[in-house]
Amino acid sequence: MTNLNPESNAAQTQDAPTPTNFLRDMIAEDVRTKKYGDAQIQTRFPPEPNGYLHIGHAKAICIDFGLADEFGGKTNLRFDDTNPEKEEQEYVDSIMADVRWLGFEWDRLCYASDYFGQLYEWALRLIKAGKAYVDDLSADEVREHRGTLTEPGKDSPYRNRSIEENLDLFTRMKNGEFPDGSRVLRAKIDMASPNINMRDPVMYRILHAEHQRTGNQWCIYPMYDYAHGQSDSIEHVTHSMCTLEFADHQPLYRWYIEQLGIFPSQQREFDRLNLTYTMLSKRKLLEFVQDKHVSGWDDPRMPTLAGIRRRGFTPEGLRAFCAAIGISRTNGATDIEMLEHYQRDDLNRRASRAMAVLNPLKLVIDNYPAGQVEFFEVANNPEDPTAGTRPVPFSREIFIDQDDFREVPPPKYYRLSPGKEVRLRNAYFITAQSVVKDAAGNIVEVHCTYDPASRGGNSPDGRKVKSTMHWVSAAHAITAEIRLYDKLFSKADPYDLEEGQDVLSNLNPKSLEILLGAKLEPSLANAKLGDHFQFERVGYFCLDPDSTADNLVFNRTLPLKDSWAKIEKKAGA
RNA sequence: UGGGCGAUCGUCUAAUGGUAGGACAAUGCCCUUUGGAGGCAUUUGUCCAGGUUCGAAUCCUGGUCGCCCAGCCA
């Protein structure tokens with residue numbers, strides 16, 4: 001069952017009508033022809049608990065849960081925990097939390113390890129049917145016998161053992177009589193198959209390893225191919241969607257199910273998500289964490305769901321993105337701009353506005369009475385009148401951003417410069433009069449005059465200003481730490497490498513910039529974890545869990561689109 | 001190079017033999033108390049060569065290019 005909240009459903013339906021895709025068409029056809037009788041559509045999301053979920057998994061989750069939901073079906077969360085050497089409870093916990101955060105709730109929580117007993121029984125059945133055998137070849141020898149892409153393999157000398165001997169040996173494998181790697185159970189299919197997966201694939205290997213759920217109960221563990229389809233079948237999964245690299249496994253998936261004569265789950269593959277400037281390999285991400293190139297799985301620069309959540313991304317925005325990118329069988333890379341667009345789109349609708357000055361420059365309004373304070377009632381969200389207002393204090397000395405003042409304004413610069421009049425958002429028109437510089441010639445203070453008649457931000461005489469700037473009252477400002485994040489990689493394709501280089505060499509050295517002296521309007525002292533803010537004219541921000549009462553830390557989720565930056569860039573180029 | 005899968009604007013995708021459309025990006029204009037948001041407009045595409053057909057992105061043939069597979073990982 002999915003649990004999309006009404007707001008996000010509305011958001012999705014008001015977008016362009018979702019185009020169809022081959023998976024939906026396939027399911028619709030199966031429903032139409034009653035391929036599974038009156039049984040409901042059943043899907044599953046089957047992560048291995050060996051790492052954190054990332055944006056690529058979000059696409060799979062949206063497909064697995066979304067499609068089932070569309071057809072009134074159900075989705076199981078199943079942990080594919082068949083390799084105890086890589087799996088941990090920490091990952092199980094994070095995966096459950098991430099799926100829920102994305103907005104989905106599973107029907108049944110399952111583990112492949114729940115089926116170890118059944119899988120073992122079925123293995124015995126295949127042995128008795130002459131369809132599986134114990135092989136004593138070493139791993140190296142198995143590889144040598146497998147052949148190559150262009151040459152057929154050779155039969156193992158153990159391939160034609162008697163059923164009795166196979167039964168005896170496999171039982172003893174299970175009973176722990178043999179060391180790791182000494183024997184495997186293999187399906188007896190075809191060593192000359194052009195599909196290497198069909199060249200007598202390994203079904204079970206010996207692993208004297210403790211499993212996070214079954215402990216030491218087993219010392220033989222099923223391989224993915226032997227476990228996955230049967231697990232689907234046990235759960236009566238009608239449509240088992242997976243990524244393209246498993247397409248070659250489909251014949252094997254079907255072979256096991258046919259030999260066993262069990263519920264005919266069917267596998268169908270779709271393309272994996274690739275994003276520009278992003279690494280979506282669990283193995284590499286684990287490396288980043290272990291080698292401390294990032295602070296952890298939830299580093300806000302990580303493409304993990306835990307990372308982007310901490311960064312301030314919303315599940316609604318992510319789901320809209322997943323719906324927009326569609327599903328196909330091509331291999332390309334989606335522009336990260338598209339991900340960011342759907343985040344901004346969602347954040348713009350719901351983020352509370354606030355004023356924050358990241359790089360403060362003091363501004364003194366010389367004709368404003370010293371010691372006077374007034375409060376302006378300011379809209380929390382111009383996009384949403386129901387969001388209400390808040391009081392924002394104003395006084396003689398305020399902070400503006402250094403970017404908003406130029407002693408010598410470049411062409412098309414609308415912001416403050418000597419003699420120029422601008423609007424302080426929601427407050428007054430001001431005109432810059434003079435600057436104060438330090439010994440090194442840096443501007444440390446700007447002096448202005450204000451027009452008392454422009455209170456609220458409009459002049460009664462109707463004169464216009466070209467710019468509106470945000471500000472924070474110096475006496476009331478709270479100081480905070482701001483973490484500005486940028487892309488983790490500096491190349492659109494992280495794998496675009498010189499000979500012998502690793503993706504690490506494409507890491508963006510400026511992916512994190514920390515600002516310690518930012519000045520925020522006082523209401524931000526009440527920010528809570530999980531709140532989303534738009535710092536007006538700057539970007540979207542959220543409170544980081546590193547925050548303490550006397551050191552607030554805000555993460556920049558994304559900057560606002562900045563057309564001035566474009567103009568500047570063009571002028572410079 | 002054996003097998004599998006694929007190729008449509010710069011990018012991601014629709015069109016299921018009958019008008020090549022949308023989104024993102026880009027560009028220009030309008031609007032704006034966020035150079036945000038919004039509105040309008042514009043640009044760019046069916047891998048190539050043949051064939052079938054009244055009509056082909058779609059079907060056929062032959063190329064070309066890309067991705068995946070030789071774990072006792074998933």
Side-chain angles (χ1 to χ4, degrees), chain A residues 15-22 25 46-48 50 80 82-83 85-86 135 137-139 142-143 146-153 180-186 193-199 201-207 221 223-225 227-228 242-251 269 271-274 276 282-283 321 324-342 344-345 348-349 353 355 379 382-383 412-415 423-427 456-458 465-470 492 534-539 559-567:
Chain A
D15 283 340
T18 313
T20 191
N21 61 65
F22 68 99
D25 292 348
E48 183 188 13
N50 67 342
D80 224 330
T82 56
N83 184 358
E85 295 182 321
K86 289 186 176 175
D135 196 344
L137 254 26
S138 70
V142 167
R143 188 183 331 111
R146 187 154 33 227
T148 68
L149 294 178
T150 53
E151 303 160 87
D180 289 3
S182 58
R183 278 175 239 265
V184 289
L185 182 71
R186 291 230 250 170
S193 172
N195 182 347
I196 291 180
N197 293 297
M198 300 299 274
R199 317 238 264 230
V202 172
M203 294 167 59
Y204 273 95
R205 76 281 213 184
I206 301 173
L207 237 40
Y221 290 93
M223 297 289 289
Y224 164 84
D225 284 306
H228 200 95
C242 62
T243 45
L244 239 27
E245 66 269 26
F246 291 101
D248 288 343
H249 297 242
Q250 203 190 114
E269 312 83 18
D271 60 344
R272 178 185 274 277
L273 174 66
N274 288 305
T276 57
K282 259 200 219 175
R283 203 187 97 249
F321 166 75
I325 57 176
I327 310 168
S328 73
R329 289 167 71 86
T330 57
N331 11 55
T334 299
D335 201 323
I336 188 127
E337 300 267 11
M338 209 181 299
L339 207 218
E340 297 178 348
H341 165 81
Y342 285 98
R344 288 196 182 99
D345 190 49
N348 177 52
R349 273 196 283 266
R353 269 56 171 178
M355 291 198 286
E383 301 286 314
K412 292 191 179 166
Y413 186 82
Y414 300 154
R415 283 113 99 145
R423 171 167 39 232
L424 291 177
R425 178 120 162 106
N426 295 117
N458 276 312
V465 290
K466 289 217 99 169
S467 181
T468 299
M469 296 171 15
H470 58 105
Q534 186 199 94
F535 290 177
E536 288 198 82
R537 300 208 307 136
V538 180
L560 247 33
K561 288 215 272 184
D562 185 353
S563 45
W564 166 241
K566 257 180 211 170
I567 294 167

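To find a chain, count down the sequence lines: A is the first, B the second, and so on, and within it residues start at 1.
Atoms CG (A:D25) and C1' (B:rA15) sit 12 Å apart, rounded to a whole Å. At whole-Å resolution of the value, CE in A:M338 and C1' in B:rA23 are 6 Å apart. Computed from coordinates, the A:L149 CG to B:rC69 C1' distance equals 7 Å when rounded to whole Å. Rounded to an integer number of Å, the gap from CD1 of A:I336 to C1' of B:rG10 is 17 Å. One can place CE of A:M198 at 18 Å from P of B:rC69, the figure rounded to the nearest angstrom. Rounded to a whole Å, the CZ atom of A:F22 is 10 Å from the P atom of B:rU13. Across the protein-nucleic acid pair, A:R272 atom CZ and B:rC68 atom C1' stand 11 Å apart, rounded to whole Å. Atom OH of A:Y342 is separated from atom P of B:rC12 by 15 Å (rounded to the nearest Å).
B:rU13 and B:rU8: their P atoms are spaced 8 Å apart (whole Å). Separation of the C1' atoms belonging to B:rG62 and B:rA70 is 30 Å when rounded to the nearest angstrom. Spacing between B:rC9 and B:rC48 at atom P, rounded to whole Å, works out to 10 Å. Taking the P atom of each, B:rC68 and B:rC12 are spaced 16 Å apart, rounded to whole Å. Separation of the C1' atoms belonging to B:rG28 and B:rG35 is 16 Å when rounded to the nearest angstrom. On the P atoms, B:rG51 is 46 Å away from B:rG71, given to the nearest whole Å. Rounded to whole Å, the C1' atom of B:rA7 lies 24 Å from the corresponding atom of B:rG18. Remark: the separation of the P atoms in B:rC67 and B:rC72 is 25 Å, to the nearest Å.
Between A:H228 and A:Y224, the ring planes are tilted. Angles from 30° to 60° get that label.
Applying the 4.0 Å criterion to OP1 and OP2 of B:rA7, one finds that A:T330 has every side-chain N and O outside that range. Side-chain nitrogen and oxygen atoms of A:T150 include none within less than 4.0 Å of the OP1 or OP2 phosphate oxygen of B:rG3.
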Exercise. Which letters describe nucleotides 35-40 of chain B, given B = protein heavy atom under 4.0 Å from base, S = only from sugar-phosphate, - = neither?
Worked result: BBS---

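Residues A:W564 and A:Y413 bring their aromatic ring centres within 6.0 Å.
Remark: side-chain polar atoms of A:T468 are not paired, donor with acceptor, to backbone N or O of A:R423 under 3.5 angstrom.
Side-chain contact between A:D135 and A:R183 is absent, with no heavy-atom pair separated by less than 4.5 Å. The closest side-chain heavy-atom distance from A:H341 to A:R344 is not below 4.5 Å. With contacts defined as side-chain heavy-atom distances shorter than 4.5 Å, the pair A:D271/A:S328 qualifies. Using a 4.5 Å cut-off on side-chain heavy atoms (C-beta onward), A:N348 and A:Q534 make contact. Side-chain contact between A:I327 and A:F22 is present, with at least one heavy-atom pair separated by less than 4.5 Å. Side-chain contact check for A:R425 versus A:M469: every heavy-atom pair is 4.5 Å or farther apart.
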Problem set entry | Watson-Crick and G-U pairing of RNA chain B written in dot-bracket, each distance under 3.5 angstrom, with | for inter-strand partners | .((((((..((((....[..)))).(((((.......)))))....(((((..]....))))))))))).....

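A:I325 comes within contact range of the sugar-phosphate backbone alone, with a heavy-atom separation under 4.0 Å but no base atom that close. Counting any heavy atom pair closer than 4.0 Å across all strands shown, A:A427 reaches no nucleic acid atom. Among the atoms of the strands shown, only primed sugar atoms or phosphate atoms (P, OP1, OP2) are found under 4.0 Å from some heavy atom of A:E337. Among the heavy atoms of the strands lying under 4.0 Å from A:R329 are primed sugar atoms or P, OP1, OP2 only; no base atom is included.
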For this session: Give the C-alpha distance, both sets of side-chain angles, the deciding distance and a yes or no for salt bridge (charged side-chain N to carboxylate O under 4.0 Å, His left out) between A:D562 and A:K566.
Result: CA-CA 7 Å; A:D562 185 353; A:K566 257 180 211 170; over 6 Å; no

For this session: Carefully, step by step, assess A:M338 and A:F321 under the rule side chain to side chain contact (heavy atoms under 4.5 Å, CB included).
Result: CA-CA 7 Å; A:M338 209 181 299; A:F321 166 75; 4.1 Å; yes

Enumerate the protein-to-nucleotides 72-74 of chain B contacts in which both atoms are nitrogen or oxygen and the separation is below 3.5 Å.
from	atom 1	to	atom 2	distance (Å)
B:rC72	OP1	A:R146	NH2	3.2
B:rC72	OP2	A:R146	NH1	3.1
B:rC72	N3	A:G181	O	3.4
B:rC72	N4	A:L137	O	2.9
B:rC72	N4	A:A139	N	3.0
B:rC72	N4	A:G181	O	3.2
B:rC73	OP2	A:R205	NE	3.0
B:rC73	OP2	A:R205	NH2	3.0
B:rC73	O3'	A:R205	NH2	3.1
B:rC73	O2'	A:N83	ND2	2.8
B:rA74	OP1	A:T82	OG1	2.7
B:rA74	OP1	A:R205	NH1	3.2
B:rA74	OP1	A:R205	NH2	2.9
B:rA74	OP2	A:Y224	N	2.9
B:rA74	N6	A:H249	NE2	3.4

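Crowding of A:R272 atom CZ: a count of heavy atoms from other residues, nucleotides or ligands under 6.0 Å not exceeding 12.
Here B:rG71 is in the syn range [glycosidic angle within 90° of 0].
A donor and an acceptor atom sit less than 3.5 Å apart, one in the side chain of A:D248 and one in the base of B:rG3.
Ionic pairing of A:E48 and A:K86 is not present here: no N-O contact between side-chain nitrogen and carboxylate oxygen is shorter than 4.0 angstrom.
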